[in-house]
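For the single chain, residues carry numbers from 1 onward in sequence order. These numbers come from the heavy atoms of this one structure, side chains and all, not from hydrogens, waters or symmetry mates. These numbers were taken from a predicted model, which means no experiment stands behind them.
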Amino acid sequence: MIAGNSSSCLLSTGNDLPEGNVQRDGNFVTDGIRQAPSGAATGFQLRQRIRSLSELGAFTWITLGIAGLLTIPVISVLASVFSSGTGTWQHLVETVLPSYTLNTSLLILGVGICVPIIGTSTAWLVTMCRFPGWRVFEWALILPLAVPGYVMAYTYTDFLDPSGALQQWIRDTWDLSFRDYWFPDVRSLGGAIAMLSLVLYPYVYMLARAAFLEQSICALEVSRTLGCTPRSSFMRVALPLARPSIAAGTALALMETLADFGTVSFFGVPTFTTGIVRAWIDFGDRIAAGQLSSVLLAFVFAILLIERYNRGIARYHQATNRYQELPRYDLRGMRGFFAFIACGFPLALGFLLPCVLLIRMAFESEVALIAPRFLDLVFNSFTLAAVTAVFAVVIALVMAYAVRLNPNRLSKVAARIASMGYAVPGTVIAVGVLIPFARLDNAVDAWMESTFGISTGLLLTGSIAALVFAYLVRFMAISLNTVEASLGKIRPSMDDAARTLGQSALGTLWRVHMPLMWGSLLTAGLVVFVDVMKELPATLVMRPFNFDTLAINAHNLASDERLTEASIPSLAIVIVSIPPLILLTRAIARSRPGT
C-alpha cells in the first residue's frame with residue numbers, strides 16, 4: 001500500500017523511490033533502503049554488519065590484526081593482576097612498595113616542574129627574541145635528547161663524585177679535606193630529577209616552539225593595543241595559546257621519566273622500574289613483575305588523563321586565519337646577556353659538558369675502539385635498531401594507508417590503539433611480551449617433542465624476535481605519527497588520477513605515495529633507529545643469552561663502577577643520535593606558516 005501516486009511508485013527503481021514506505025515481498029523499502037520487518041530485524045542487521053565487515057578491504061583487516069598484536073603486552077600485564085603468585089607480591093607490598101610509590105611520585109613531580117619551565121622559556125626566547133647566538137640555540141637546544149639519561153648519570157657521577165675532577169679541584173685550590181666542605185650528592189633523588197630534566201626538556205621545547213611559530217601577530221597586536229607589555233603578552237596571550245602543546249610535551253617527558261631505569265638504578269633510587277627488573281631477574285617471579293607493572297600502568301594512565309583534562313578545561317583559538325610574521329624583540333646589553341645564559345645553561349649542562357667529559361674519559365680508557373668485543377656490540381645494536389626501524393616504517397605505512405583508503409571508525413581506532421605503546425614503559429612491555437611468548441615457546445616445544453621427537457627450544461624469547469616485537473610496541477607511535485602527517489599532505493586527487501591510469505591501491509602506494517613521502521619515511525626510520533639504540537630496560541630484561549648491545553654494555557660497566565670504560569659505548573650512542581635530531585630541528589623550522 002502506497003501513500004501518494006501508486007502507479008508512478010510501482011514503476012520506480014530503488015534509486016528513485018519517492019518518500020514513503022513500499023511493501024515488497026514481505027520487506028519494506030524506505031527511501032530506497034531495504035529494511036527488514038520488525039520480526040526479522042535482528043537477522044537483517046546481522047547480515048548488514050557481516051556485509052559491511054566483508055567490504056572493509058585487506059588493508060583495514062591487516063591494520064586490525066596489527067593493532068590486536070600490539071595490545072598483547074598491556075593485556076598480559078593487566079591479566080597478571082588476577083593471578084596468584086608465590087608470595088613475592090605480598091612481600092613487596094609490606095616492604096618496598098611504599099618507597100617505590102613515594103620515589104616515583106617525587107620523581108614525576110620534580111621533572112614535571114623543571115621540564116616545562118626550561119622548555120617553554122627557551123622556546124619563547126629563540127622564537128620571539130633576538131640576542132647573541134639565537135640562531136645557534138634554535139637547533140642546538142634539541143641536542144640533549146641525544147644523551148640518554150643513564151649516560152648523563154654515569155658522566156656526571158664521574159665528574160661530581162668525591163673522587164671526581166670538580167671536587168678534587170676544590171680541595172687542591174683551597175687546601176681542604178673532604179670533610180671541610182659540603183657538596184650535594186649526585187647519587188640521590190634530586191640528582192635523578194636533575195639528570196632527567198636536562199635530557200627531557202627538549203620534548204617541551206620542540207612542541208612549545210612549534211606552537212609559538214604557528215601564532216599570528218594579530219592576537220599579540222591586540223594585546224599590545226590594550227596596554228600589555230611583551231612580558232604580559234606572553235603570560236596572558238601566547239602562553240595560553242601554547243598550553244596544549246606544553247601539556248603534551250610535559251606528558252611525553254613524564255612518560256619517559258616513568259620508563260627510565262638506568263638513571264634511577266645507578267643512583268640507587270628505588271622506583272617501580274627498578275622493582276620490576278628486580279622481581280623478574282632477581283626473584284624470578286613473573287607474576288610479581290606483572291603486578292608491579294600494572295601499578296606503573298596506573299601512573300601512566302593518570303598522566304594521560306591529567307594531560308587530557310588540562311587541555312579540555314580551557315580551549316583557546318585564534319580568531320583569524322590571517323597569518324603575519326611574528327614581532328621580534330631585540331634584546332641588548334644585560335637583557336641579551338641573560339637571554340644567552342637562559343638558553344646556554346641547559347644546553348651546556350645537558351649536552352656540551354657531558355660530551356666533553358665523555359670524550360675525555362674515552363681518551364683515558366684503555367679499551368680499544370676496534371676491539372672485537374666492541375665491534376660485536378656495535379653490530380648487535382645496529383642490527384636491532386635497523387630491523388626494528390624497517391618493520392616500524394613498513395607497518396606504519398600500511399596502517400596509515402589503510403586509514404586513507406577506508407577512513408572508517410575501525411581503522412582509525414586500530415591506528416590509535418597501535419600508538420598506545422609509546423605511553424607504556426619499556427619494563428612493562430618487556431614483562432607483557434615475555435609472559436605470553438614464553439608460554440607459546442613452551443607449548444610449541446612440548447608439542448614438537450611429543451609429536452616429532454624434536455625440541456625447538458625458545459624460538460621467540462630465545463632470539464631477537466620477541467625483543468624486536470617489544471620495540472615495535474614501544475616505538476610504533478613515533479613512526480605512525482610521522483607517516484600519517486606526511487601522507488595527509490598528499491592530495492586525494494593524486495589517488496584519483498592514479499586510479500584512472502589503471503593503478504591498483506597497492507600500485508598507487510608504491511608508485512605515487514612512497515616517492516613523495518621518501519624523506520618522511522627516512523626520518524621516521526631514523527628516529528626509531530635512535531630510540532632503539534638508546535633503549536635500556538626492555539633490552540636488559542629480554543635480550544637473548546650472550547647478546548649485549550652498546551646500552552647494555554654501558555650499563556654493566558657503570559654498575560661495576562668502571563665509568564671510564566663505560567664512556568666509549570655511551571659516546572657511540574650519543575654520536576649516532578645527533579643526525580636525526582638535526583633533521584627534526586629543520587622540520588620544525590619548516591613548519592612555520594608561510595614557509
Please tell me if the side chains of L125 and F137 come closer than 4.5 Å, counting only heavy atoms from C-beta onward. no
Identify the two heavy atoms, one from I108 and one from I303, that lie closest to each other, and give their separation to 0.1 Å. CD1-CD1, 4.3 Å
Partner of L207 under side-chain contact (heavy atoms from CB on, under 4.5 Å), chosen from L252, T250, I246: L252
Got a donor-acceptor contact below 3.5 angstrom from the S76 side chain to the I72 backbone? no
Under 3.5 Å, side chain of T71 to main-chain N/O of G68, donor-acceptor pair present? yes
Does some side-chain heavy atom of V574 sit less than 4.5 Å from a side-chain heavy atom of M152? no
Quick check against the 3.5 Å criterion: does S197 have a side-chain atom that pairs as donor or acceptor with the backbone of A194? no
What one should report as the nearest heavy-atom pair of L347 and P144 is CD1-CD, 4.4 Å
Evaluate the ring planes of F272 and F299, with Trp represented by its six-membered ring, and classify them as parallel (under 30°), tilted (30 to 60°) or perpendicular (over 60°). tilted
Ignoring hydrogens, what is the shortest heavy-atom contact between A348 and P354? Give both atom names and the distance. O-CD, 3.7 Å
Residues E256 and R474 bridged, charged N to O under 4.0 Å: yes
Do T427 and V277 have side chains that approach each other closer than 4.5 Å (heavy atoms only, starting at C-beta)? yes
Tell me whether T127 contacts the main-chain N or O of W124 through its side chain, where contact means a donor paired with an acceptor under 3.5 Å. no
Please examine the side chains of L377 and T549, heavy atoms only from C-beta on, and report whether any two atoms are closer than 4.5 Å. no
Run the ring-centre check on Y154 versus F266 and record whether the distance is less than 6.0 Å. yes
Provide the full list of salt bridge (charged side-chain N to carboxylate O under 4.0 Å, His left out) pairs with a residue in residues 426-441, sequence neighbours left out, each pair given once. none
Just checking F391: does its CZ atom have more than 12 heavy atoms from other residues, nucleotides or ligands closer to it than 6.0 angstrom? no
Rounded to the nearest 0.5 Å, how far apart are NE2 of H513 and CE of M494? 7.0 Å
Heavy-atom pair of closest approach, residues V77 and G290: CG1-O, 3.6 Å
So V151 and K534, do their side chains get closer than 4.5 Å, heavy atoms only? no
Would you say the side chain of T273 lies within less than 4.5 Å of the side chain of L258, judging by non-hydrogen atoms? no
May I ask you to decide if L460's main-chain N or O and S463's side chain share a donor-acceptor pair within less than 3.5 Å? yes
From CA spacing to verdict: side-chain contact (heavy atoms from CB on, under 4.5 Å), F261, I276: CA-CA 10 Å; F261 169 77; I276 293 168; over 6 Å; no
Run the side-chain contact (heavy atoms from CB on, under 4.5 Å) test on L397 and M514 for me, step by step, so that the C-alpha distance in whole Å, both residues' side-chain angles and the decisive distance to 0.1 Å come before the verdict. CA-CA 9 Å; L397 186 61; M514 287 185 63; 3.8 Å; yes
Quick check for you: to the nearest 0.5 Å, what is the distance between L375 atom CG and N380 atom CG? 11.0 Å
Quick one: does S567's side chain have a donor or acceptor within less than 3.5 Å of a partner on A362's backbone? yes
Here the gap from S479 atom OG to E484 atom CD, rounded to the nearest 0.5 Å, amounts to 10.0 Å
Would you compute the distance between atom CG of L200 and atom CE of M195 and round it to the nearest 0.5 angstrom? 11.5 Å
Residues S245 and A208: closest non-hydrogen pair is CB-N, 4.5 Å
Are the side chains of F374 and L550 in contact, using a 4.5 Å heavy-atom criterion? yes
Does this structure show an ion pair linking R404 with D495, if we count only N-O contacts that are shorter than 4.0 Å? yes
Could you walk me through whether Y156 and L349 pass side-chain contact (heavy atoms from CB on, under 4.5 Å), step by step? CA-CA 10 Å; Y156 273 102; L349 295 182; 3.7 Å; yes
Check the pair L434 / T461 against side-chain contact (heavy atoms from CB on, under 4.5 Å), numbers first and verdict last. CA-CA 7 Å; L434 281 175; T461 56; 3.8 Å; yes
So how far is it from H555 NE2 to T263 OG1, rounded to the nearest 0.5 Å? 11.0 Å
Can a donor-acceptor pair be found, under 3.5 Å and without considering hydrogens, that links the side chain of R543 to the backbone of L540? yes
Does any non-hydrogen side-chain atom of L536 lie less than 4.5 Å from one of P148? no
I'd like to know if the side chain of T63 and the backbone of A414 have a donor-acceptor N/O pair within less than 3.5 Å. no
Closest heavy-atom contact between L145 and P202? CG-CB, 3.6 Å
Nearest 0.5 Å, what's the OH-CD1 distance between Y205 and I142? 7.5 Å
Inter- and intrachain pairs under ring pair (Phe, Tyr, Trp, His ring centres under 6.0 Å), touching residues 462-491, at least two apart: F437-F469
